[in-house]
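Scroll down for the structure; my scribbles are underneath it.
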Amino acid sequence: MSLGITWTTDWIRRTAEVIGEHRVELITLDREIGDGDHGENLDRGFTAVLAKLDGLSPEAAPGDALKLVATTLISTVGGASGPLFGTAYLKAAGAVGQANELDGSAVVALLTAARDGIVLRGKAEVGDKTMVDAWTPAVDAAAAAQEAGRSEAEILDAAATAAAEGAAATEPLVARKGRASYLGERAVGHRDPGAQSTALILRAAADAARGD
Amino acid sequence: MKKLINDPKNVVAESLDGLELAHGDILRVHRDPDFIVRADAPVQGKVGIVSGGGSGHEPLHGGFVGYGMLSAAVPGAVFTSPTPDPIVEATKAVDGGAGVLHIVKNYTGDVLNFETAAELAEAEGITVKSVIIDDDVAVQDSTYTAGRRGVAGTVFVEKIVGAAAEQGADLDAVVELAQRVNANVRTMGVALTACIVPHAGVPSFDLPEDEIEIGIGLHGEPGRERIKLEPVDVIVDRMLDPILSDLPFASGDRVAVLVNGMGGTPLIELYIALRRVGQVLEEKGISVLRTLVGNFTTSLEMQGMSISVLRLDDEMIELYDAPVQTAALRWGR
């Protein structure tokens with residue numbers, strides 16, 4: 001069963017909810033290796049997104065909703081995560097165009113474009129202890145699930161699981177980008193907050209697809 | 001958390017109201033999007049100078065808006081860079097037809113948002129150039145980090161470049177000057193205590209009572225090393241060493257020194273620190289021509305300080321001495 005605007009807006013609402021629930025956890029993770037604003041900033045951004053979501057036309061395509069998220073995050077979040085997540089949603093919107101229904105390959109294209117946008121803006125690679133360490137395994141897992149003929153919900157589930165594992169795998173890394181890079185070895189043992197929020201966002205996408 | 005605030009969400013907006021009430025003769029506060037411009041903006045034919053970054057570092061940058069320094073400042077949320085929209089609007093508000101310089105401290109968020117804003121402003125027909133400030137010697141600059149941070153040395157850049165723009169220097173000239181000042185200034189910070197970001201409500205980092213963090217960043221990001229508290233002369237020596245060896249500074253150099261409080265350290269301690277800075281520089285044959293002591297680039301109520309040393313040339317001295325009229329820095333006018 002392909003995914004349409006109902007899935008997209010459900011994903012966005014679940015994201016806002018889960019970011020709100022994990023606000024303090026993300027602040028704490030960021031406090032350990034950054035400056036402690038990641039949870040606050042994303043919560044502010046997605047709260048603003050929610051306020052605008054009701055104004056979205058019922059005939060809107062998934063790409064329109066993703067673009068709304070992009071512009072809202074860019075204009076409300078600030079910091080590094082505003083431009084990075086904003087670019088991700090913008091590129092994701094571009095990848096799905098005006099399609100009303102997203103099949104498995106469209107879902108993979110969406111995730112791939114989001115990841116590529118983050119890499120382009122942030123110039124980070126896998127292993128730098130950033131959100132890319134959650135996004136890239138998620139994209140790889142989604143592509144593998146799609147090739148194996150899985151459903152859209154299963155593809156997103158694979159992506160979310162890989163993102164969570166990727167986020168956990170940032171703990172032993174030395175940061176090479178962003179504020180945590182100033183810590184050197186002292187970043188070891190702490191999870192990257194951007195990778196963690198990525199895992200939460202992709203889990204919300206999978207939950208919305210499964211519809212429970 | 002004990003703070004003189006109402007709601008953490010309103011801290012920036014309410015402080016801007018107070019800033020405007022205090023300094024309405026010098027600056028105006030534009031709301032939604034929020035930015036601060038000098039009262040007579042835009043000045044026709046003058047290069048606009050715009051800076052900005054997270055709030056919580058007052059008086060940086062809003063306190064330096066006015067004649068002879070910044071044309072506009074864009075405050076983000078506390079310790080969070082502003083988004084592109086207010087930067088674009090501030091850029092438009094100060095464009096007097098001669099282009100605009102963005103002075104950006106080297107933090108990933110600041111760089112990304114100013115970069116996006118510059119592209120948007122360019123699309124609206126304004127020539128924008130950017131200079132990234134990276135004066136902090138505490139962090140190693142390598143391909144594996146985001147590079148050195150921009151810290152209190154930014155004040156020297158804004159003062160000197162602002163004066164040049166006020167005197168009619170063109171955009172290329174102010175860009176070159178900003179790069180030259182940045183290339184000649186080095187800074188190192190120390191934290192005695194952590195600060196509390198209002199929306200977080202807990203200290204930004206844990207520092208035992210008897211320890212200090214050398215090389216601290218503006219947002220409480222840890223620096224080089226954690227050591228036991230020592231007499232201030234010893235701390236100053238440990239801070240000056242990497243500063244002086246980095247440029248390197250040499251006998252015969254003429255410098256300006258900024259001993260900057262992080263927000264929670266009284267002037268009496270900063271003067272003791274400056275005393276030691278003066279002794280060390282004199283021993284090395286370095287002439288201290290200008291000094292600034294006080295809270296210029298703070299981290300909320302963090303106890304601690306930073307030391308910035310700028311190697312001066314004749315042009316920088318003249319521009320440093322030029323009149324300035326801002327909330328936090330005024331002379332000659």
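Basis for what follows: all heavy atoms, side chains included, without hydrogens, waters or symmetry-related copies.
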Plane angle bin for B:His57 and B:His219 - parallel if under 30°, tilted between 30 and 60°, otherwise perpendicular:
perpendicular

Quick check for you: among B:Val202, B:Thr116, B:Val111, B:Thr80, which has the greatest number of heavy-atom pairs under 4.5 Å with chain A?
B:Thr80

Let me know if A:Ile27 has heavy atoms under 4.5 Å from chain B in its side chain, its backbone, both or neither.
side chain

Considering non-hydrogen atoms only, spot the tightest contact between A:Ala163 and A:Ala138 and give its length.
CB-CB, 4.1 Å

Under 4.5 Å from any heavy atom of chain A - which part of B:Phe79:
both

Pair B:Asp136 + B:Arg148: basic N to acidic O under 4.0 Å:
no

Closer than 4.0 angstrom, basic N to acidic O: yes or no for A:Asp54 and A:Arg13?
yes

For B:Lys3, is the NZ atom crowded, meaning more than 12 foreign heavy atoms sit under 6.0 Å from it?
yes

In terms of heavy-atom pairs under 4.5 Å, which option from B:Pro203, B:Gly215, B:Ala200 contacts chain A the most?
B:Pro203

Contact summary for A:Thr15 and A:Ala204, nearest pair of heavy atoms:
OG1-CB, 3.6 Å

Given heavy-atom pairs under 4.5 angstrom as the criterion, report whether the side chain, backbone, both or neither of A:Asp37 touches chain B.
both

Structural part of A:Val77 lying under 4.5 Å from a heavy atom of chain B:
backbone

Does any heavy atom of chain B fall under 4.5 Å from the side chain of A:Thr87, the backbone, both, or neither of them?
neither

